[in-house]
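Before any comments, here is the structure.
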Amino acid sequence: MTEIVTFGCRLNIHESEAMKTVIGSRDDLTVINSCAVTAEAARQARQAIRRLKRENPQRRIAVTGCAAQIDADRFTAMPEVDFVVGNAEKLKARTWAFLTETSGMLVTSDIMAADDIALPEIERFEGRARGFVQIQNGCDHRCTFCIIPFGRGNSRSLPPEMVIAQIRRLVEAGYKEIVLTGVDLTSYGPDLPDPLPLGSLVRRILREVPDLPRLRLSSIDSIEADADLMRALAEDDRLMPHLHLSLQAGDDLILKRMKRRHLRRDAIRFCAEARRLRPDIVFGADLIAGFPTEDEAMFTRSLDLIEECGITYLHAFPFSPRPGTPAARMPPVDGAEVKRRAARLREAGDRAMARFLASETGEIREILMERGGIGRTAQFAAVRPDRPAAPGSFMRVRVEGQQGRELLATAL
């Protein structure tokens, strides 16, 4: 089987599995599926390419993913790279069949012209207890800090019949939890011949695939959450009580300069309403520290948002300027201060996580086992039970305490 090294989001995980299907078995090829969400992510991909070539000089290396799409010239200039493949081409079998012994071949196209999702059938995700289904790709929004639309193109949705067929295949293959993925998940549907919002798709999945025990959403934009999505959250416990929110900041002026579509009060109101509908829900969130022009008072409002929204799983990022974005031209915050603020966000996130884990002691939970003796609750908390079980199986446990970021439990 072709070796694929994956960086970045759950969508990349899904697409790496799809590439295994379309490429087939090529022992001489390693594919780097890159990420461009930060400059550091792109740097890590280049570092991996150099390391892999040192380890096996005879191995051919292809680079794809968002970093390759956005900065193709930089990768074609690397002597270690044989092929650079664009995001619109990487899931098409004819692309990989077309590659010859010629080095330096560039196979990319205008990603903004892409109008569909090339999605081969996937029957399993190697080494993973849950299955991923891509329902959407691209993004129509232009947040001032984000380069991803230029790597993914405009928003486009997979027809619901194809989504449901893929979920059924994975359930039949034994997967008990499915994660819906996309670049901008809550923008799903308006481009379809019969427009269908995300909430309606979720309810249809739960209705038409009754054998699916767990359905989970990846990151969502809370301002786009529709009434059907909130209704599904309230009425069907198979939709997991765990939402990861793209918040980015807690200060209204910074949110406007980011060109986000929500204000601070919108985020707080959404979390309160979701918690009213589903009292056991937990939230993850992305927050950026040190966005250009952010002063201490603005940062404090982001810091306070962790408590006001009740965030459990915090992803805190130091601002990383991406060339070509409006934010890269804005007055920057001192780099050392950006790092300090990111550290303060992480510390607050660690305290919130510790409180949540402590509150779980004594609770009875059903966990889905993964590799390494770890299971996940419906709220995505990591649990280490006192006896092993097969990855992909359910186990009922009593939480006895915690160790670091894991819960310790006794199997029932």
Side-chain angles (χ1 to χ4, degrees), residues 9-10 13 125 127-133 167 170-171 174-181 185 202 205-206 209 211-220 222 229-230 232-245 271 274-286 306 309-315 349-412:
C9 62
R10 292 184 178 95
I13 293 172
F125 290 82
R128 296 187 179 274
R130 53 187 55 81
F132 298 84
V133 174
I167 292 174
L170 291 170
V171 171
Y175 286 94
K176 296 179 175 62
E177 180 175 311
I178 301 298
V179 183
L180 301 184
T181 69
L185 204 64
V202 166
I205 291 168
L206 293 168
V209 194
D211 294 336
L212 171 64
R214 287 184 171 188
L215 180 65
R216 194 179 297 275
L217 305 179
S218 59
S219 180
I220 70 167
S222 59
L229 182 61
M230 303 305 284
L233 193 67
E235 295 175 356
D236 199 320
D237 61 7
R238 291 184 298 149
L239 180 59
M240 295 295 92
H242 165 233
L243 294 177
H244 190 85
L245 309 177
C271 291
R275 191 171 283 112
R276 183 187 70 81
L277 294 171
R278 189 74 172 268
D280 62 341
I281 197 168
V282 297
F283 300 107
D286 297 327
I306 299 170
C309 284
I311 304 301
T312 296
Y313 303 98
L314 180 66
H315 291 180
D350 288 343
R351 291 193 294 272
M353 171 65 84
R355 286 194 300 271
F356 167 69
L357 294 178
S359 73
E360 287 290 285
T361 299
E363 296 291 342
I364 306 298
R365 299 296 187 207
E366 185 175 57
I367 60 175
L368 179 65
M369 295 302 298
E370 301 178 348
R371 291 187 301 175
I374 293 293
R376 295 279 180 175
T377 68
Q379 291 90 350
F380 209 63
V383 181
R384 187 172 293 279
D386 61 349
R387 64 173 174 81
S393 64
F394 282 124
M395 178 188 288
R396 197 161 178 262
V397 300
R398 176 186 293 107
V399 178
E400 306 292 356
Q402 65 187 95
Q403 185 175 60
R405 297 175 73 88
E406 294 177 357
L407 295 171
L408 304 177
T410 300
L412 299 177

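Numbers here simply count residues along the sequence, with the first being 1. The analysis underlying the following values was restricted to heavy atoms, covering all of them including side chains, and did not include hydrogens, waters or symmetry mates.
Taken to the nearest 0.5 Å, the NE2 atom of H315 stands 6.5 Å off from the CG atom of D286. The structure places CD1 of I281 at 10.0 Å from OG1 of T312, a figure rounded to the nearest 0.5 Å. Here the CD atom belonging to E366 is positioned 11.0 Å from the CG atom belonging to L412, to the nearest 0.5 angstrom. Rounded to the nearest 0.5 Å, atoms CD (E360) and CD (Q402) are 10.0 Å apart. Put simply, CD1 on I220 and CZ on F283 are 8.5 Å apart, with the number rounded to the nearest 0.5 Å.
Contact between V179 and R130 at its shortest, heavy atoms only, is CG2-CD, 3.6 Å. Residues L357 and L407 approach most closely at O-CD2, 3.4 Å, considering heavy atoms. Closest approach of L408 to Q403, counting heavy atoms only: CD1-CB, 4.0 Å. The two atoms that bring T361 and G401 nearest to each other are OG1-CA, 3.9 Å, heavy atoms only. The shortest non-hydrogen separation linking E400 to T410 is OE2-OG1, 2.9 Å. Here the closest heavy-atom approach between residue A129 and residue M369 is recorded as CB-O, 3.2 Å.
At a threshold of 4.5 Å between non-hydrogen side-chain atoms, the residues L233 and L243 count as touching. No side-chain heavy atom of I205 sits less than 4.5 Å from a side-chain heavy atom of I178. Contact annotation: the side chain of L217 approaches that of V202 to within less than 4.5 Å [non-hydrogen atoms, C-beta and beyond]. Looking at E363 and T377, their side chains never come closer than 4.5 Å, going by heavy atoms from C-beta outward. Counting heavy atoms from C-beta outward, D237 and R278 have side chains that approach closer than 4.5 Å. Taking the side chain as every heavy atom from C-beta outward, F394 and L368 approach each other to under 4.5 Å. A heavy-atom distance below 4.5 Å is found between the side chains of C271 and L245. A 4.5 Å side-chain heavy-atom check between M395 and I367 finds at least one atom pair inside the cut-off.
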Give the C-alpha distance, both sets of side-chain angles, the deciding distance and a yes or no for side chain to side chain contact (heavy atoms under 4.5 Å, CB included) between T181 and C9.
CA-CA 9 Å; T181 69; C9 62; over 6 Å; no

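A salt bridge links R405 to D350: at least one charged side-chain nitrogen sits closer than 4.0 Å to a carboxylate oxygen.
R376 places no side-chain N or O within 3.5 Å of a backbone atom of E370 that could act as its donor or acceptor partner. Not one N or O on the side chain of Y175 forms a donor-acceptor pair closer than 3.5 Å with the backbone of L212.
Counting only residues at least two apart or on different chains, the salt bridge (charged side-chain N to carboxylate O under 4.0 Å, His left out) pairs with a member in residues 377-398 are R384-E406.
Partners of M240 under the side-chain contact (heavy atoms from CB on, under 4.5 Å) rule, at least two apart in sequence or in another chain, are R214, R216, A378.
F380 and H244 have their aromatic ring centers separated by at least 6.0 angstrom.
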